[in-house]
Participant: 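For reference, the structure I am asking about is given below.
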There are 2 protein chains.
Amino acid sequence: MSYVDADACRAWQLLVKFFFGEREYLSLGEEFELSPVQCHLLHLIEPERPLPMGRLAQTLACDASNVTGLVDRLEARGLVQRRQSPGDRRVKVIQLTPTGSRVRTQLLRRATSASRPLARLSAAQQRSLVKILEALVDEPA
Amino acid sequence: MSYVDADACRAWQLLVKFFFGEREYLSLGEEFELSPVQCHLLHLIEPERPLPMGRLAQTLACDASNVTGLVDRLEARGLVQRRQSPGDRRVKVIQLTPTGSRVRTQLLRRATSASRPLARLSAAQQRSLVKILEALVDEPA
DNA sequence: TATTGTTATACTCTATAACTATA
DNA sequence: TATAGTTATAGAGTATAACAATA
């Protein structure tokens, strides 16, 4: 590890710690009995904006067969629905059910609620963090 | 989502995206055929500083039985070793093998190497990010 | 009795390969 | 032929409960 990487290295370890340690991320969906990936999938589907399964596989960076199982379980619980895409009958789009939409809102609220670290950051720190993360994930506001 | 949470919410979604999307985190251990959790476990054990299994379970925020399996697989690959703790014979401490230590160094280097987003941040941004993350994970420098 | 780690079991997550239906 | 999604299969990650060894 050369000296120039010191901050990047430390940032990396802190990011990993944030996600894996302290149950910060892992416990998020606990009260809804949702796994981390299930939470992420729900986050990806905005209400009124269904997504094709292939797109989900791409964003989740996993195999398509995997998405089948994920959607199976979420659908069985009434949180999402498969629908035929009108344009291409091979494609299935996934949309939130009303229940799924409600759960998604609660999840987002919980992720950033007062008892959680993100909410304990100052407003300036939050803005600063957003800015840096946008550069990080290459997604300009 | 009330207006006061907007930045925290956005930060949260960006953090999730950073980890789950773009294969940023998931692909880290790929060339070593290590899963994300295996990478994390290796990061936790510093060379010359073995850790008790119970401590690993605590930090990984998972059940002890899970650590047994994780260590089994890493040990089978010659990356870590179980050792009896001298003080308490119920306790087993996990230490890196020389190979494990080498792999750990390479992992950390890869996580922050030039081709990766963290290294593309400016020095000021990196320092700022570290500071915020320290507040986030409640770990003062 | 309480604690550390293991074993048995079950379910989810994940990938690869073979398959179906559509394009 | 190529693509979207499913099914079959196998291995890894996860938790709960029962257990052995030690404290």
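The figures here come from the full heavy-atom set of this structure, side chains too, leaving out hydrogens, waters and symmetry mates. Not measured: the values here are computed from a predicted model. In the text below, chain A, chain B and the rest are named by the order of the sequence lines, each starting its count at 1.
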Participant: Figure out the CG/C1' separation between B:D63 and C:dA10, and round it to whole Å.
Facilitator: 14 Å

Participant: Write down the distance between CE (B:M53) and C1' (D:dA20), rounded to a whole number of angstrom.
Facilitator: 15 Å

Participant: Can a donor-acceptor pair be found, under 3.5 Å and without considering hydrogens, that links the side chain of B:Q95 to the backbone of B:Q81?
Facilitator: no

Participant: With distance as the sole test, does B:Q126 use its side chain to make a donor-acceptor pair with the main-chain N or O of A:A11 at under 3.5 Å?
Facilitator: no

Participant: To the nearest Å, how far apart are B:D72 CG and D:dT14 C1'?
Facilitator: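 Atom-to-atom, B:D72 to D:dT14, this comes out as 15 Å.
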
Participant: So which heavy atom on B:L96 is nearest to which on B:P47, and how close?
Facilitator: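 Heavy atoms of B:L96 and B:P47 come nearest at CD1-N, 3.8 Å.
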
Participant: Which residues, if any, of residues 75-91 of chain B bring a heavy atom under 4.0 Å of DNA chain C?
Facilitator: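 Of all residues in residues 75-91 of chain B, the ones placing a heavy atom under 4.0 Å from DNA chain C are B:R82, B:R90, B:V91.
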
Participant: Main chain of A:L79, side chain of A:T97: is a donor-acceptor contact present, judged purely on distance under 3.5 Å?
Facilitator: yes

Participant: Using the rule that Ile, Leu, Val, Met, Phe, Trp and Tyr join whenever any side-chain heavy atoms are under 4.5 Å apart, tell me whether A:F32 and A:L41 fall into a single cluster.
Facilitator: yes

Participant: Any side-chain to backbone donor/acceptor pair from A:R82 onto A:M53? Under 3.5 Å, distance only.
Facilitator: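 Side chain of A:R82 to backbone of A:M53, a donor-acceptor pair under 3.5 Å: no, none is there.
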
Participant: Taking B:R83 for its side chain and B:V93 for its backbone only, find out whether a donor-acceptor pair lies under 3.5 Å.
Facilitator: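 Not at all, since once roles are kept as given, no pair shorter than 3.5 Å links the two residues.
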
Participant: Nearest whole Å is fine: how far is C:dT6 P from B:L56 CG?
Facilitator: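 From B:L56 CG to C:dT6 P: 11 Å.
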
Participant: Rounding to a whole Å, what distance do you find between A:L34:CG and D:dT14:P?
Facilitator: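 Taking atom P of D:dT14 as the reference, CG of A:L34 is at 17 Å.
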
Participant: Just how far, in rounded Å, is P of D:dA4 from CD1 of A:I94?
Facilitator: 14 Å

Participant: So, are A:E33 and A:R77 salt-bridged, with charged N and O less than 4.0 Å apart?
Facilitator: no

Participant: Taking all non-hydrogen atoms of both residues into account, name the closest pair between A:V91 and A:P52 and its distance.
Facilitator: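 For A:V91 versus A:P52, the nearest heavy atoms are CG1-CB, 3.9 Å.
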
Participant: Would you name the heavy atoms of B:V130 and A:R10 that are closest together and state the gap between them?
Facilitator: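 So the two residues come closest at CG1-CG, 3.7 Å.
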
Participant: What string of B, S and - do you get for nucleotides 8-13 of chain D 5' to 3' if you count protein non-hydrogen atoms under 4.0 Å?
Facilitator: ----SS

Participant: Less than 4.5 Å apart, any side-chain heavy atom of B:L56 and any of B:I45?
Facilitator: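 They are in side-chain contact.
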
Participant: So how far off straight is the helix from C:dT1-D:dA23 to C:dA23-D:dT1, going by the axes through five pairs at either end, to 10°?
Facilitator: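 Computed angle between terminal axes is 0°.
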
